[in-house]
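Here the structure comes first, spelled out in structure tokens, and everything after it is commentary.
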Amino acid sequence: MEFQDDIIKEYLRNVYFITGTPCGGKTTVSRALGKKYGIPVYDIDERFPEHQAISDKEHQPNMNKVFRDADEFFGRSVEEYKKWLLDNTREQLDFVILDLMRLSQNGRIICDCHLTLEQAEKLTDPSRIVFMIREPVNLIDEYCNRPDHQDFKEFIESATNPEAAKANCNETLCNLNRKVYDSIKKSEFNWIERDNSRSVDDTVKLVENCFGWNL
């Protein structure tokens, strides 16, 4: 069953999406904004295990793909790894949309997610989404150093050659996001580039302006 874009947008009218490229700051800003306004934050990465549990290998093969170890996971070619990341996110999106429709019925909700420009156009209006971006270079070390990514860090370091695994992962993420980064800047959507000289509070204010939440 497929739904028209206008129907989806209507049912997601209370959802404010914060998306973007890796290490762009979307999780930090989502949590800060949610705390400031007392709005629930829906993190699709945190929801993945429950979605995987109710998925099946026939309809969501990428979500259910099992890897023997870190060597198999990070030993894939860049193209194979990149395709799996995109397909995995696409398969989970159906679960995410249904969750958001249910959870946002009675009020606003912030969604910390991974959306392509094409998906953003189908799901929401420009006034309810912000792309947090960072130039896609040297991503993996910063990604692994985050407190909420320590499980991933331990996994990648369990590879026979952790440095090779990190290099392949970094090349995949950079390859995947290089064109995306440029396309976002040319799009109609609001975007904010990460600037380490700017405080979290200042970045939150920029997002508030995009959403029209000025106090």
Side-chain angles (χ1 to χ4, degrees), residues 1-55 59-60 63 85-134 148 180 183-194 198-215:
M1 180 180 294
E2 293 186 6
F3 297 96
Q4 296 299 318
D5 296 350
D6 61 326
I7 296 175
I8 295 176
K9 287 181 179 180
E10 174 60 23
Y11 276 86
L12 296 178
R13 66 188 181 280
N14 286 331
V15 180
Y16 289 81
F17 294 91
I18 298 181
T19 186
T21 60
C23 302
K26 57 185 179 292
T27 298
T28 299
V29 169
S30 294
R31 292 175 179 175
L33 200 59
K35 182 178 181 180
K36 181 175 182 178
Y37 285 88
I39 299 173
V41 176
Y42 181 96
D43 184 328
I44 69 166
D45 290 336
E46 292 180 350
R47 300 280 179 152
F48 185 82
E50 66 183 68
H51 294 154
Q52 186 181 47
I54 58 176
S55 65
H59 298 96
Q60 293 86 25
M63 289 179 66
L85 286 171
L86 289 170
D87 290 344
N88 198 56
T89 301
R90 175 182 50 77
E91 289 173 2
Q92 189 190 4
L93 187 58
D94 290 339
F95 296 99
V96 171
I97 292 172
L98 291 175
D99 279 351
L100 293 174
M101 286 181 176
R102 172 173 53 86
L103 295 170
S104 66
Q105 285 183 11
N106 299 315
R108 294 182 296 181
I109 188 169
I110 296 168
C111 181
D112 172 1
C113 59
H114 318 290
L115 294 180
T116 65
L117 287 169
E118 292 75 17
Q119 290 165 343
E121 290 173 354
K122 291 178 178 294
L123 296 179
T124 191
D125 292 325
S127 62
R128 294 196 295 271
I129 186 169
V130 176
F131 284 82
M132 309 295 298
I133 63 174
R134 175 194 182 284
D148 55 338
V180 173
S183 297
I184 290 171
K185 286 191 164 186
K186 298 175 183 177
S187 75
E188 64 174 333
F189 294 105
N190 290 308
W191 55 268
I192 298 171
E193 185 145 20
R194 181 167 178 171
R198 187 175 58 226
S199 69
V200 173
D201 287 343
D202 286 341
T203 303
V204 166
K205 290 177 182 178
L206 294 177
V207 176
E208 287 175 330
N209 289 337
C210 293
F211 289 158
W213 290 3
N214 310 78
L215 294 178

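Since this is a predicted model, take the numbers as computed values, not measurements. Positions are given from 1, in the same order as the sequence printed here.
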So which atom in [X] and which in [Y] form the shortest heavy-atom distance, rounded to 0.1 Å?
X      : Y      : answer
Gly24  : Arg134 : CA-CB, 4.0 Å
Ile129 : Ala120 : CD1-CB, 3.7 Å
Phe211 : Phe17  : CZ-O, 3.7 Å
Pro126 : Asn190 : O-ND2, 3.6 Å
Ile109 : Pro40  : CG1-O, 3.4 Å
Phe48  : Asn88  : CE1-ND2, 3.6 Å

Looking at side-chain heavy atoms only, is the closest gap between [X] and [Y] below 4.5 Å?
X      : Y      : value
Ile39  : Trp213 : yes
Ile192 : Arg198 : yes
Ile18  : Leu33  : yes
Val130 : Lys26  : no
Arg128 : Arg13  : yes
Met132 : Val207 : yes
Thr19  : Gln119 : no
Ile133 : Lys185 : yes

Pair Leu12, Thr124 - check side-chain contact (heavy atoms from CB on, under 4.5 Å), show working. CA-CA 7 Å; Leu12 296 178; Thr124 191; 6.0 Å; no
Carefully, step by step, assess Lys9 and Asp6 under the rule salt bridge (charged side-chain N to carboxylate O under 4.0 Å, His left out). CA-CA 5 Å; Lys9 287 181 179 180; Asp6 61 326; over 6 Å; no
Anything under 3.5 Å between a donor and an acceptor, one on a side chain of residues 92-107, the other on a protein residue two or more places apart or in another chain? List them.
| from | atom 1 | to | atom 2 | distance (Å) |
| --- | --- | --- | --- | --- |
| Gln92 | NE2 | Ile44 | O | 2.9 |
| Gln92 | NE2 | His51 | ND1 | 3.0 |
| Asp99 | OD1 | Arg102 | NH2 | 3.2 |
| Asp99 | OD2 | Tyr42 | OH | 2.6 |
| Asp99 | OD2 | His51 | NE2 | 2.7 |
| Ser104 | OG | Leu100 | O | 2.6 |

Output yes when Glu208 and Lys205 qualify as a salt bridge under the 4.0 Å nitrogen-oxygen rule, no when they do not.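 No salt bridge links Glu208 with Lys205.
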For side-chain contact (heavy atoms from CB on, under 4.5 Å), just list the numbers for Thr21 and Ile184, CA-CA rounded to whole Å, side-chain angles, deciding distance to a tenth of an Å, and then say yes or no. CA-CA 10 Å; Thr21 60; Ile184 290 171; 4.3 Å; yes
